[in-house]
Amino acid sequence: MKSLFLLLASACLLFSGCAGYTLGAHKPAHLRQITKLAVPTFENLTLEPRLAVLVTNAVIKQLQNHGSYQIVSKSEADAVLVGKISNINRTQFRSDLNNVLRTSQIMATLVCPFTIQDVSTGKVIHIGNAYADSYIILDSNLQLSETQLLEDAAQRLANNVADQVSEGW
């Protein structure tokens with residue numbers, strides 16, 4: 001009898017370590033009631049063409065990967081994620097060894113404030129600000145390098161937005 005009691009007690013201690021874990025997404029408390037989210041094209045306040053579509057598509061893909069929200073049209077949604085690409089900043093990250101005026105590596109920073117609005121009330125239920133840095137080594141095709149830089153920055157920004165909305169951090 002004593003050995004059975006010890007066996008049961010050790011089993012309880014062994015399996016109690018996982019008591020706090022749950023499967024699925026851990027949305028922020030104020031977004032728990034939201035299941036369907038609309039993501040219209042972000043507003044682009046920069047002079048970079050096609051950046052809004054690039055960022056919006058990346059955000060939608062990241063939100064779908066997280067699985068916390070079903071992405072739907074505005075007419076079917078519980079809430080709408082509205083974003084503005086407010087700034088893109090390019091800076092020289094590394095210069096050429098033989099010529100300090102020539103850039104060999106460039107850094108871009110994207111800044112994007114966003115809100116989540118309740119569709120039924122129009123009330124803002126979440127305010128966030130996402131940013132992303134991306135670095136790229138320039139090659140002879142400057143336009144291709146710039147495209148790759150912006151795609152990487154958009155992907156990193158989308159990951160930042162999705163983490164804030166889906167995980168709360």
Side-chain angles (χ1 to χ4, degrees), residues 18 20-94 105-139 141-169:
C18 299
Y21 293 106
T22 58
L23 294 175
H26 289 289
K27 294 184 209 174
H30 61 284
L31 297 176
R32 289 239 164 105
Q33 75 280 6
I34 306 297
T35 57
K36 295 179 180 180
L37 190 64
V39 184
T41 304
F42 282 28
E43 185 179 351
N44 186 3
L45 302 177
T46 70
L47 297 176
E48 188 64 42
R50 297 182 301 275
L51 186 60
V53 174
L54 187 68
V55 170
T56 305
N57 287 340
V59 167
I60 289 171
K61 286 178 186 175
Q62 282 299 320
L63 287 171
Q64 288 173 333
N65 284 343
H66 275 261
S68 300
Y69 303 98
Q70 181 182 359
I71 305 300
V72 295
S73 65
K74 190 173 181 179
S75 62
E76 302 173 31
D78 300 327
V80 179
L81 189 149
V82 178
K84 294 181 182 182
I85 305 164
S86 63
N87 191 16
I88 181 168
N89 187 21
R90 293 177 189 84
T91 56
Q92 181 180 15
F93 187 66
R94 208 168 264 148
Q105 193 170 5
I106 193 169
M107 177 176 78
T109 303
L110 288 177
V111 178
C112 178
F114 65 94
T115 60
I116 296 180
Q117 300 172 349
D118 192 317
V119 171
S120 59
T121 64
K123 181 181 171 187
V124 174
I125 55 177
H126 182 82
I127 297 173
N129 194 22
Y131 70 94
D133 293 328
S134 181
Y135 311 90
I136 194 157
I137 297 172
L138 297 176
D139 62 0
N141 188 343
L142 199 57
Q143 188 174 10
L144 181 61
S145 296
E146 179 79 11
T147 301
Q148 291 172 345
L149 176 72
L150 291 177
E151 286 176 359
D152 185 56
Q155 188 63 39
R156 290 171 187 258
L157 182 79
N159 198 18
N160 194 333
V161 171
D163 283 346
Q164 287 183 43
V165 172
S166 298
E167 305 290 335
W169 46 274

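Once rounded to the nearest 0.5 Å, the distance linking CZ of F42 with CG of L54 reads 11.5 Å. Taken from CD in Q64 to CG in L37, the straight-line distance is 10.5 Å, to the nearest 0.5 Å. With rounding to the nearest 0.5 Å, the separation of NZ in K36 from CD1 in I71 is 12.0 Å. Between atom CD of residue Q155 and atom CG of residue L157 there is a gap of 10.0 Å, rounded to the nearest 0.5 Å. Residue I125 holds its CD1 atom at 5.0 Å from CG of D118, rounded to the nearest 0.5 Å. The OG1 atom of T91 lies 10.0 Å from the CD atom of Q105; values are rounded to the nearest 0.5 Å.
At distances below 3.5 Å, at least one donor-acceptor pair connects side-chain atoms of N160 with backbone N or O atoms of Y131. Q164 contributes a side-chain N or O that, together with a main-chain N or O of N129, makes up a donor-acceptor pair within less than 3.5 Å. Side-chain atoms of S134 do not come within 3.5 Å of backbone N or O of A108 as any donor-acceptor pair. In this structure, K27 contributes its side chain and S68 its backbone to a donor-acceptor pair below 3.5 Å. Using a distance-only test at 3.5 Å, with no hydrogens or angles considered, a donor-acceptor pair links the side chain of D78 to the main chain of T35.
In this structure, the side chains of V59 and T56 stay at 4.5 Å or more apart for every pair of heavy atoms. Contact of the V165 side chain with the F114 side chain is registered, since non-hydrogen atoms from C-beta on lie closer than 4.5 Å. The closest side-chain heavy-atom distance from R156 to D133 is not below 4.5 Å. Using a 4.5 Å heavy-atom threshold, the side chains of L51 and L110 count as touching. Under the 4.5 Å side-chain criterion, counting only non-hydrogen atoms from C-beta, D163 is in contact with H66.
The two atoms that bring L63 and S166 nearest to each other are CD2-OG, 3.9 Å, heavy atoms only. Of all the heavy atoms in A58 and A154, the pair that sits closest is CB-O, 3.8 Å. Shown here for V80 and P40, the closest heavy-atom pair between the two residues is CG1-CD, 3.5 Å. A52 and I85 make their closest contact through CA-CD1, 3.7 Å (heavy atoms, listed as atom of the first residue, atom of the second, distance).
Under the side-chain contact (heavy atoms from CB on, under 4.5 Å) criterion, K61 pairs with no residue at all, not counting sequence neighbours.
Just one residue in the list I136, L144, L138, I137 forms a side chain to side chain contact (heavy atoms under 4.5 Å, CB included) with L149, and that residue is I136.
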**Report entry** Trace of the side chain to side chain contact (heavy atoms under 4.5 Å, CB included) decision for V161 with V55
**Finding:** CA-CA 10 Å; V161 171; V55 170; over 6 Å; no

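A donor and an acceptor atom, one from each side chain of S145 and D139, are located under 3.5 Å apart.
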